[in-house]
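Everything below concerns the one structure shown next.
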Amino acid sequence: MKRRNFLINITTAIGGLVATKAIAQMGNNNMHDTMCDTNSDECQKRDNMHQHMNMDMNHNQMTQKLLSTSALPQGMDLPILTNLKNESKQEGVFEATLHLKPTKIGLTPDLTTEFWTYNGMIPGPKIEVFEEDHVKITVKNELTLSTTVHWHGLLIPYDQDGNPQNEIPTGGSRTYEFSIPKGTAGTYWYHPHGHDTVAEQVYRGLAGTFIVRSKHDPLASFPEQNWFFSDLKLTDKGQIADNSMVDWMNGREDQFVLINGSYRPKIKIDSATHIRVWNSCSGRYPNLSIPNCDIFLVGTDGGLLAKPYQLTKPLLLTPAERAELVIMPKQTGTVYLQSIGYDRNKMGNVPPEQDIILGELTLTKSDPITLPNTLNQLPNMGSAVVHKLLEYTEVMDMTEPRVVCYF
């Protein structure tokens, strides 16, 4: 049975994609030989390819020049995510307001870009609550189109989860209200989930982090950082660009990869540090390589693992995926935070995947520490009693440039 149009909806998968974590080939401690310095000719070739392969929704050819990757400032300190203010005075209750609105942000002295934002911020404000807290968030829609807010990964009632059937109209408001179940501490995020609109609303800026904390966190003594990865695609005029034909075929990958809204920031790690990582990109698969460090995976989309797992290879993050790491510097010095090229079998005549620089890490060697042997008590699900095979196939529809997926 034909269930959905795969290509038109591929970028909307950010709202509900459930994917298997993969770990790809390990890079060395130095910058990889095929590293794509985003100011290089090789990266510009990729930009040029996007410029000449754009198409609008009516499939009419159009030209779209992109901003040079050297135009944005880089090397700034990693921004600290701003917390959403709790307006409640009652213990165990989190009450706040999110304003969705167009916001003009100056990326350079010469360029001002209009984003769609939560409370005027890119990314949106960080929401922090505890297990068993009661959450009440009023959303006011000041955009020119309807929207929702989906609380990605949280176990909450369906009618409070921002589904496409309950959109907030232009000029309207909606109060989402739910309680956080015990045992669900972890790393989540929020974003729109409207029908056929989620991808554009996210790449225009509507995304923010949501952290549920435990009152008995085994990692509470560690300093904590947040790395929120997002894509940004700008025209040469500094405005958010439309999708190209390559984007429609393979998912949108933009010329700028941001962390906490900053391009290639400087990140300091001077002791064993708990890192929360989000991939809010709709088509990009960051494949994280963190040189000169011992790296332990301690949590995934579902919260903390039962015990730490030491990584010996880069960590691949699929769209919408999250992870929690403990990073222990083994040497003092400066290295690149890299994304190692990962071949996901894109369609069309596209260039080979390249390694890219995401940021600069300033490391201070720290004394070895011992992580807790037990991080979380996971339920025993027992042995599998049913095995099913799900097979996907793709058929090209030659009447229009898209792929239909059958399963």
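Nothing fancy with the numbering, it's 1 onward along the sequence. These values consider heavy atoms only, across backbone and side chains, with no hydrogens, waters or symmetry-generated copies. This is a predicted model, so every value here is computed, not measured.
- Considering only heavy atoms from C-beta on, Ile122 stays 4.5 Å or farther from Leu232 through its side chain.
- Side-chain atoms of Val139 and Thr147, non-hydrogen and from C-beta on, never get closer than 4.5 Å to each other.
- The main-chain N or O of Ile168 is never found under 3.5 Å from a side-chain atom of Arg174 such that the two would form a donor-acceptor pair.
- A side-chain donor-acceptor contact under 3.5 Å links Arg284 to the backbone of Asp254.
- Atom NE2 of residue His134 and atom CD of residue Gln90 lie 9.0 Å apart, to the nearest 0.5 angstrom.
- Considering only heavy atoms from C-beta on, Leu145 comes within 4.5 Å of Gln201 through its side chain.
- Judged by distance alone, with hydrogens and angles left aside, the side-chain atoms of Glu353 form no donor-acceptor pair with the main-chain N or O of Asp343 at under 3.5 Å.
- Smallest separation of non-hydrogen atoms from Leu390 and Tyr392: CD2-OH, 3.3 Å.
- Applying the 6.0 Å contact sphere to CD of Gln377 captures no more than 12 heavy atoms from other residues, nucleotides or ligands.
- Minimum interatomic distance between Pro102 and Glu142 (heavy atoms only, all atoms of both residues): CD-O, 3.7 Å.
- Side-chain contact between Tyr188 and Ile127: absent, with no pair of heavy atoms (C-beta onward) separated by less than 4.5 Å.
- For the residue pair Lys330 and Asn292, no side-chain donor N or O sits within less than 3.5 Å of a side-chain acceptor on the partner.
- The main-chain N or O of Leu66 is never found under 3.5 Å from a side-chain atom of Thr235 such that the two would form a donor-acceptor pair.
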For a side-chain contact (heavy atoms from CB on, under 4.5 Å) check, start with the C-alpha distance between Leu305 and Asn376, then their side-chain angles and the critical distance, and finish with the verdict.
CA-CA 6 Å; Leu305 300 176; Asn376 199 1; over 6 Å; no

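- With Ser280 contributing its side chain and Phe229 its backbone, the two residues share a donor-acceptor pair below 3.5 Å.
- Atoms OH and OG1, from Tyr176 and Thr148 in turn, are 5.0 Å apart once rounded to the nearest 0.5 Å.
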In sequence, state the C-alpha distance, the side-chain angles, and the governing distance for Lys215 and Glu132, and then conclude on salt bridge (Lys or Arg N to Asp or Glu O under 4.0 Å).
CA-CA 10 Å; Lys215 295 177 181 177; Glu132 301 184 279; 5.7 Å; no

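- Ring geometry for Trp151 against Phe178 counts as tilted: the plane angle lies between 30° and 60°, on a 0 to 90° scale.
- Of the possible donor and acceptor atoms, one in the side chain of Asn86 sits under 3.5 Å from a partner among the backbone N and O of Val93.
- Between His150 and His191, the ring planes are perpendicular. Angles over 60° get that label, and only those under 30° would be called parallel.
- At distances below 3.5 Å, not a single donor-acceptor pair connects side-chain atoms of Asn226 with backbone N or O atoms of Arg276.
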Walk me through it: do Phe222 and Leu371 pass the test side-chain contact (heavy atoms from CB on, under 4.5 Å)?
CA-CA 10 Å; Phe222 289 79; Leu371 287 170; 3.5 Å; yes

Test side-chain contact (heavy atoms from CB on, under 4.5 Å) on Ile269 and Leu363 and set out the steps.
CA-CA 5 Å; Ile269 302 178; Leu363 305 176; 4.1 Å; yes

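- Across Ser366 and Ser271, no two heavy atoms sit closer than the pair CB-CA, 3.7 Å.
- In this structure, Met76 CE and Glu360 CD are separated by 13.5 Å, a value rounded to the nearest 0.5 Å.
- Taking CD from Gln338 and CG from Asn287, the interatomic distance works out to 10.5 Å, rounded to the nearest 0.5 Å.
- The two atoms that bring Pro329 and Thr364 nearest to each other are CB-O, 3.3 Å, heavy atoms only.
- Residues Lys140 and Lys101 are not in side-chain contact: their nearest non-hydrogen atoms beyond the backbone lie 4.5 Å or more apart.
- Between the side chains of Thr144 and Thr170, not a single donor N or O lies within less than 3.5 Å of an accepting N or O.
- Remark: side-chain polar atoms of Asn83 are not paired, donor with acceptor, to backbone N or O of Lys85 under 3.5 angstrom.
- Checked by atom type and distance alone, the side chain of Asn141 never pairs as donor or acceptor with a backbone atom of Ser173 at under 3.5 Å.
- There is no side-chain donor-acceptor pair under 3.5 Å between Gln225 and Thr273.
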Step-by-step side-chain contact (heavy atoms from CB on, under 4.5 Å) determination, Leu78 to Trp227
CA-CA 9 Å; Leu78 179 72; Trp227 296 357; 3.9 Å; yes

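- Of the inter-residue distances, the one linking Ile295 atom CD1 with Leu315 atom CG reads 8.5 Å to the nearest 0.5 angstrom.
- Summarising the geometry of Tyr118 relative to Pro192, their closest heavy-atom pair is OH-CD, 3.3 Å, with the distance given to 0.1 Å.
- Ser244 and Asp247 share a donor-acceptor pair across their side chains, judged by distance under 3.5 Å alone.
- Residues Tyr203 and Asn243 are in side-chain contact: their nearest non-hydrogen atoms beyond the backbone lie under 4.5 Å apart.
- Taking each heavy atom of Pro164 and His193 in turn, the nearest pair found is CG-O, 3.1 Å.
- Here the side chains of Tyr285 and Pro319 are in contact, with some heavy-atom distance below 4.5 Å.
- Contact annotation: the side chain of Tyr190 approaches that of Leu98 to within less than 4.5 Å [non-hydrogen atoms, C-beta and beyond].
- One finds the CG atom of Asp301 at 5.0 Å from the CD atom of Glu321 (value rounded to the nearest 0.5 Å).
- Without hydrogens or angle criteria, Asp231 side chain to Ser282 main chain gives no donor-acceptor distance under 3.5 Å.
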